[in-house]
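As structure tokens, the structure follows; a few thoughts come after it.
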Amino acid sequence: MIRLLRILLILLFAPPLLAAVMGWLAAPNFLHPMRRPLTPDLVREAGAAFAHAGAHREDFSVAAPDGAILYGWKVFPANPNASWVLLFHGVADNRVGVTGQAELLLRAGYSVVMMDARAHGESGGAEATYGWLERNDTRAIVDALETTEHPAHLFALGESMGAGIALQSAAVEPRIEAVVAEAPFASLREASYDYAGLQEYPLLGKTIFAPGAWTMLYRGERLAGFPASGVSPEAAVASRAFPVLLICDTADTTLPCRHSQRIYAAARGAKSLWKVPGAFHTAALGFAPEEFRRRVLGFYAEPQASR
């Protein structure tokens, strides 16, 4: 009987303890995601896409408030409509990851800004903070853009991590008039539960494996010096009323639709939620290209999104 009790205790406590250790060890990787290099082949592919749309790019670099240098491109369409869209890529990616969205917008006359996020691609920055510092990076980018281009309207579009950054940026930067966000995370803590649940079992991430999420965030915020609780697109849309188009992919296990639904419920401005049947993480454009084009361009053209 005592032996059986010991076995039961081991089975009960071993998974949470192991998860806590794994979360502690994972914190540095969470702050320093793998960089996707901006290779000459990627640059040529992006250049070909721009040329196919009749657009041309210009190198663009901006100093962030903490001194980190952010690198990217300004891309100009053949027939500009005087409006600009800031594009935000996902984690462990770079600016080329949103080339498809850029081509769509360029064909419609929108000029675009494609930057490598801090600690990604060619950009500097010691750590990725998933919106805490990046929202101030966005303000610096907008300042630099306004100095030379004077956009009539300014919008944002992001996917995954970039969607979360776009929403948090719009909360503190009123010059961003509206945001399209595909597969955003509701908060850093909520997203950590999906990662603790191995991106398949969020319920486990919130229960047995929850210590992994807690220790990762605890160690991460102390290593980087920012409060994990302050990284929250859900709170961002509640703090400023700006129009949002949220896109969630129904087969997404990385950041399931509950994240977009939580953000939608919290949003104070004009809002809509598009669920893309069968699409996996950030795949809406590939699964439903015409619907994606119609919804995104229609959203930016709506009066409440361009006031």
Side-chain angles (χ1 to χ4, degrees), residues 22-23 25-39 42 64 68 70-72 86-101 114-138 141 156-169 179-200 202 205 212-213 216-217 219-221 223-224 226 228 230-234 236 246-249 252-257 259-260 263 279-285:
M22 295 303 295
L25 296 175
N29 293 330
F30 154 70
L31 295 172
H32 303 94
M34 184 180 297
R35 283 186 186 256
R36 183 187 184 194
L38 192 72
T39 64
L42 288 178
L70 310 171
Y71 293 96
L86 306 174
L87 295 177
F88 297 83
H89 63 76
V91 69
D93 204 350
N94 60 39
R95 71 191 88 157
V96 175
V98 285
T99 299
Q101 293 90 331
M114 305 167 66
M115 304 297 290
D116 292 337
R118 65 170 46 237
H120 287 75
E122 294 188 320
S123 288
E127 296 101 5
T129 64
Y130 300 89
W132 183 255
L133 293 177
E134 288 83 355
R135 57 187 176 173
N136 294 324
D137 296 345
T138 299
I141 291 166
L157 184 153
E159 60 178 27
S160 193
M161 176 192 76
I165 292 172
L167 292 168
Q168 292 172 89
S169 296
V179 176
V180 175
E182 181 180 358
F185 58 95
S187 68
L188 207 52
R189 181 168 297 280
E190 190 67 22
S192 72
Y193 293 134
D194 290 286
Y195 281 83
L198 308 178
Q199 298 184 355
E200 289 285 350
M216 184 184 73
L217 293 180
R219 189 181 184 201
E221 63 184 4
L223 287 173
F226 73 98
V231 180
S232 174
E234 183 179 8
L246 296 161
I247 304 172
C248 79
D249 308 302
D252 187 351
T253 58
T254 303
L255 292 169
C257 278
H259 290 270
S260 294
I263 294 169
F280 51 86
H281 188 59
T282 70
L285 179 58

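These numbers come from the heavy atoms of this one structure, side chains and all, not from hydrogens, waters or symmetry mates. Not measured: the values here are computed from a predicted model.
The backbone N or O of A181 lies less than 3.5 Å from no partner atom in the side chain of E159, so there is not a single donor-acceptor pair. A donor-acceptor pair under 3.5 Å links the side-chain atoms of E182 to the main chain of A283, judged by distance alone. The backbone N or O of W132 sits less than 3.5 Å from a side-chain atom of R135, completing a donor-acceptor pair. In this structure, H32 contributes its side chain and A126 its backbone to a donor-acceptor pair below 3.5 Å. S123 places no side-chain N or O within 3.5 Å of a backbone atom of A119 that could act as its donor or acceptor partner. Distance alone, capped at 3.5 Å, places no donor-acceptor pair between the E127 side chain and the A224 backbone. Side-chain N or O atoms of D252 include one that pairs as donor or acceptor with a backbone N or O of L255 at under 3.5 Å.
Taking the side chain as every heavy atom from C-beta outward, L42 and N94 approach each other to under 4.5 Å. For the pair L157/L86, no side-chain contact is recorded, criterion being any heavy-atom separation below 4.5 Å from C-beta on. Taking the side chain as every heavy atom from C-beta outward, H120 and V91 approach each other to under 4.5 Å.
Between Y130 and F185, the angle of the ring planes goes over 60°, which puts this pair in the perpendicular group of the 30/60° scheme.
Between atom CG of residue L217 and atom OH of residue Y193 there is a gap of 8.0 Å, rounded to the nearest 0.5 Å. Note that CD of E234 is 11.5 Å distant from CD of Q168, once rounded to the nearest 0.5 Å. Atoms SG and CD1, on C257 and I247 in that order, are 11.0 Å from each other to the nearest 0.5 Å.
Electrostatic pairing of R95 and E122 counts as a salt bridge here, judged by a charged N lying under 4.0 Å from a carboxylate O.
V96 and L38 make their closest contact through CG2-CD1, 3.4 Å (heavy atoms, listed as atom of the first residue, atom of the second, distance). Contact between A228 and L188 at its shortest, heavy atoms only, is O-CB, 4.0 Å. Closest approach of V231 and T129 over heavy atoms only: CG2-O, 3.7 Å.
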